[in-house]
Colleague: 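Handing you a structure now.
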Number of protein chains: 2
Amino acid sequence: MEKLTINDIAKISGYSIATVSNYLNGNYQKMSQKTRDHLAKVIDQTGYRPNSTARNLAKHENKTIGVSISDITNPFTSPVMSGISEVCTQHGYKMIFTNADNDQKKEVNNILSLRTESVSGMIVDAVDPNSPIYKSLTNEALVMVDRQAKELLFDTIVTDNRQAVKEMVTHMVQAGYDELYFVTWPLEEVSTRQMRYQGFLEATGYALGEHLLTVPHLGQKEAYQQFEAQIETLMAQKGTKKIGFFTMNARVFLRLLKAMQLKAYQYPRDYGVATYEEFDWMQIMRPEISCIRQDSKKIGVMAAELLLAKLLDKKSALPQKYIVPTEIILKQSF
Amino acid sequence: MEKLTINDIAKISGYSIATVSNYLNGNYQKMSQKTRDHLAKVIDQTGYRPNSTARNLAKHENKTIGVSISDITNPFTSPVMSGISEVCTQHGYKMIFTNADNDQKKEVNNILSLRTESVSGMIVDAVDPNSPIYKSLTNEALVMVDRQAKELLFDTIVTDNRQAVKEMVTHMVQAGYDELYFVTWPLEEVSTRQMRYQGFLEATGYALGEHLLTVPHLGQKEAYQQFEAQIETLMAQKGTKKIGFFTMNARVFLRLLKAMQLKAYQYPRDYGVATYEEFDWMQIMRPEISCIRQDSKKIGVMAAELLLAKLLDKKSALPQKYIVPTEIILKQSF
DNA sequence: CTGTTAGCGCCTTCAT
DNA sequence: ATGAAGGCGCTAACAG
């Protein structure tokens, strides 16, 4: 929205564009205090703002990081972005944002387009961290978040999914439940789901594949009704057994509760429940929900700080996993 | 993270860079089908991607819009961004994202920095749409969202706050409530809050300033306790009167419910309640909550479409207000 | 201390 | 249908 160029400033001030450029880049040792002051005045009065596109082209660096989000409607995402954004602006970085809408193809396109934009680095909350697209990128300028790839190609910030679930479910076991179930979106290849299930198995001693209740993704109405039927059968046949559920995130938790409400089953009377994730609306549930609180904003902060640090060093170390601790909140829901 | 240039492609393919450039820009009429096919193959095989920075510089256009969000942790924000993002990628636009964290100063900085980036246009969810910073921008390349300025400087996408609240509260009046209260964050100069209060007044016939319960912003513990005390008094003294509350958004709703739960007051037995905004967690509240559903994603979509259209036309029309309709959801909460 | 100049990668007339 | 060359606004040696 402006039209002045460095050339104009040079002419107006009477100095060469090189000096102006030096001024713009803070190379004050290359000029007298007088010219510095003069330039300051001219630039201030004209309201001149250097064209960042040109600057980026010349510098091969654009102080921009690309952020690829798997699903922005996931409430987990907001705090992460908040953290990233905070750190980035602190360090004078801009962020260009893309959303994959849970679609692997879109994700690939997003990554490609970020690469085309030649961002300095990327933070990726991947739909599929195992996608071949990532083989074309390097750990020097990328940080992954949340989901991790089987083969760790990049520094990755995760929460201690397995451990946290194991702890929580151990509490449930100790509370004397005869039967426990892990409720989840389809496990697929998603590391967070698998790790959480893993923690569940370790706490309960069940074998892989057992006591697993899968909730279909949003929008699949028929499949969802099957899930409801499954819950109904389970509850109808449990007899006097004490039965409990661990849901792998808040959305799944909502699904389970809805299914339970169909027959007016209530926790903790008819069943016990605990969930991964904590959101503010859980405060008003009565009884309150036992849940695993993860510091999502911190994930964003760490990812951004790590990335910016790497961007400075340019030393390529081996990809590492960074674990953000969680907090177990015990209430009366089981 | 790539090194191929248009020059490389020219050499590899045996054509000149001009032809390659023409190919990249879809000027196919300027070349034979044969060279076109050949180029396609080379580019595909090499995985070449033109450097967008250079392209932007040459073209004086960067296909980037800036998005300034007032508070990304507000759950209203995600769907809006989702909508914006969808439209943008559809049209080959990138979005650079900034978050003001509800802080006017940060917002000013964000706007300035977006201007420096010389974005093609901006979509602004403003903390303070009346800030003088906006006087330096033009309606040709900006769309506002949600909150509107007193003096309409830009096209603005809003929901029909006043009307929707009026309708809902009218239902409450008809349900025979003796006393109704509007529960809100501090009204301040925020248009959405004021419009909603306005609708409330029109439905109830109360005078300006009456029946207004203000919830302090998050983090102000003492003030919040005052609010709780206020609710307690209200409920204790209501006698046999039928009393109802309309909360101006979901977060305020949560605050009210928490306050009510301190003395174990339940809706709709002890009080009636309805709220602006609908979120998925409301589905599991029993009884269900009467609420006003707004299509937030559509707000984002409209904003982006409008902006991109303006960017094409470059005709400056008078700023206009676009209203996204809402839906009244009646349940048993009052 | 200050100015000259050659790029950065791509687009775009203008010839051929 | 294809190529040569200048330019977008700025940076970064290298001279002076």
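Just so we're on the same page: letters track the sequence lines, and every chain starts at 1.
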Colleague: Closest-nucleotide mapping onto DNA chain D: is A/Ser21 or B/Thr35 further toward the 5' terminus? I mean the 5' end.
Modeller: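 Whichever sits nearer the 5' end wins; that is B/Thr35.
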Colleague: Taking atom C1' of D/dC8 as reference, at what distance in whole Å does atom CG of B/Asn56 sit?
Modeller: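 Nearest whole value for this atom pair: 11 Å.
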Colleague: Side chains of B/Arg115 and B/Ser136 only: does a donor on one sit below 3.5 Å from an acceptor on the other?
Modeller: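 Side chains of B/Arg115 and B/Ser136: pair found under 3.5 Å.
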Colleague: Considering only D/dC10, D/dT2, C/dT2, which nucleotide approaches the side chain of B/Thr19 most closely?
Modeller: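 Given the options D/dC10, D/dT2, C/dT2, the side chain of B/Thr19 is closest to D/dT2.
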Colleague: What nucleotide, of C/dG9, D/dT11, C/dG3, holds the atom closest to the side chain of B/Ala58?
Modeller: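 The answer is C/dG9.
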Colleague: Report yes if a side-chain nitrogen or oxygen of A/Arg55 is closer than 4.0 Å to either non-bridging phosphate oxygen (OP1 or OP2) of D/dT11; otherwise report no.
Modeller: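 A/Arg55 to D/dT11 OP1/OP2: side-chain N or O found under 4.0 Å.
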Colleague: Could you tell me whether the phosphate oxygens of C/dG3, OP1 or OP2, come under 4.0 Å of any side-chain nitrogen or oxygen in A/Ser16?
Modeller: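 Yes, A/Ser16 has a side-chain N/O under 4.0 Å of OP1/OP2 on C/dG3.
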Colleague: Among the nucleotides C/dC11, D/dC10, D/dG9, which one has an atom lying closest to any side-chain atom of A/Tyr48?
Modeller: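 The closest nucleotide is D/dC10.
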Colleague: Is a side-chain donor-acceptor pair under 3.5 Å present for A/Glu151 with A/Tyr134?
Modeller: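 Looking only at side-chain atoms, A/Glu151 and A/Tyr134 do not form any donor-acceptor pair under 3.5 Å.
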Colleague: Of B/Arg36 and B/Ile17, whose nearest nucleotide on DNA chain D comes first from the 5' end?
Modeller: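 Nearest nucleotide further toward 5': that of B/Arg36.
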Colleague: Which is true for A/Lys30 with a 4.0 Å heavy-atom rule: it touches a base, it touches only sugar-phosphate, or it touches nothing?
Modeller: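 Base: the residue A/Lys30, judged by heavy atoms under 4.0 Å, touches a nucleobase.
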Colleague: Tell me which nucleotide among D/dG9, D/dT11, C/dT2 gets nearest to the side chain of A/Tyr15.
Modeller: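 Output: C/dT2.
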Colleague: D/dT11, D/dT2, C/dT12: which one has an atom nearest the side-chain heavy atoms of B/Ser32?
Modeller: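 Minimum distance to the B/Ser32 side chain belongs to D/dT2.
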Colleague: Choosing from C/dG9, D/dC10, D/dA13, which nucleotide comes nearest the side chain of A/Pro50?
Modeller: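 Nearest listed nucleotide: D/dC10.
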Colleague: Side chain of B/Asn25: nearest nucleotide among C/dG3, C/dC11, D/dT11?
Modeller: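 The nucleotide sitting nearest to the side chain is C/dC11.
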Colleague: Side chain of A/Ala18, heavy atoms from C-beta onward: which of C/dT4, C/dT12, D/dT11 has the nearest atom to it?
Modeller: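 Nearest nucleotide to the side chain: C/dT4.
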Colleague: If only side-chain N and O atoms of A/His60 are considered, is one of them under 4.0 Å from the OP1 or OP2 phosphate oxygen of C/dG9?
Modeller: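 Affirmative; the distance criterion is met.
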Colleague: For B/Ser52 and A/Glu117, test the side chains for any donor-to-acceptor distance below 3.5 angstrom and give the result as yes or no.
Modeller: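 Result is yes, a qualifying pair exists.
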Colleague: Report yes or no: does A/Asn99 contribute a side-chain atom to a donor-acceptor pair with the main-chain N or O of A/Ile72 at less than 3.5 Å?
Modeller: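 Confirmed, A/Asn99 side chain pairs with A/Ile72 backbone.
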Colleague: For residues B/Ile123 and B/Leu307, report the shortest heavy-atom separation together with the two atoms involved.
Modeller: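 For B/Ile123 versus B/Leu307, the nearest heavy atoms are CG1-CD2, 3.7 Å.
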Colleague: Once you round it to whole Å, what is the distance between P of C/dG3 and CD1 of A/Ile9?
Modeller: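 So the CD1-P distance, A/Ile9 to C/dG3, works out to 15 Å.
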Colleague: Think A/Thr53 has a side-chain N or O under 4.0 angstrom from the OP1 or OP2 of D/dC10?
Modeller: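 False: A/Thr53 side-chain N/O out of range (4.0 Å or more) of D/dC10 OP1/OP2.
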Colleague: Between C/dC1 atom P and A/Gln33 atom CD, what is the distance in whole Å?
Modeller: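 Between P of C/dC1 and CD of A/Gln33: 10 Å.
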Colleague: Calculate the interatomic distance between B/Gln29 atom CD and C/dT12 atom C1'; express it in whole Å.
Modeller: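 In whole Å, C/dT12 C1' and B/Gln29 CD are 14 Å from each other.
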Colleague: Can you tell me how far C1' of D/dA12 sits from CD1 of A/Ile6, to the nearest Å?
Modeller: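 Nearest whole value for this atom pair: 12 Å.
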Colleague: Compare the minimum distances between each of C/dT2, C/dC8, C/dC10 and the side chain of A/Leu57, then state the nucleotide with the smallest one.
Modeller: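 From the listed options, C/dC8 comes nearest.
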Colleague: Which nucleotide in the set D/dC8, D/dT2, D/dC10 lies at the smallest distance from any side-chain heavy atom of B/Met31?
Modeller: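 In terms of side-chain proximity for B/Met31, the closest of D/dC8, D/dT2, D/dC10 is D/dT2.
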Colleague: Write down the distance between CG (A/Asn51) and C1' (D/dG7), rounded to a whole number of angstrom.
Modeller: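 One finds 14 Å between C1' of D/dG7 and CG of A/Asn51, rounded.
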Colleague: Check the distance between D/dT11's C1' and A/Asn22's CG and give it to me in whole angstrom.
Modeller: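 It is 9 Å, rounded to the nearest whole Å.
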Colleague: Expressed in angstrom and rounded to an integer, what is the separation of B/Asn27 atom CG from D/dT2 atom C1'?
Modeller: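 In whole Å, D/dT2 C1' and B/Asn27 CG are 13 Å from each other.
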Colleague: Consider only side-chain N and O atoms of A/Thr89 and B/Thr98, and report whether a donor and an acceptor are under 3.5 Å apart.
Modeller: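 Per modelled atom types, A/Thr89 and B/Thr98 side chains form no pair under 3.5 Å.
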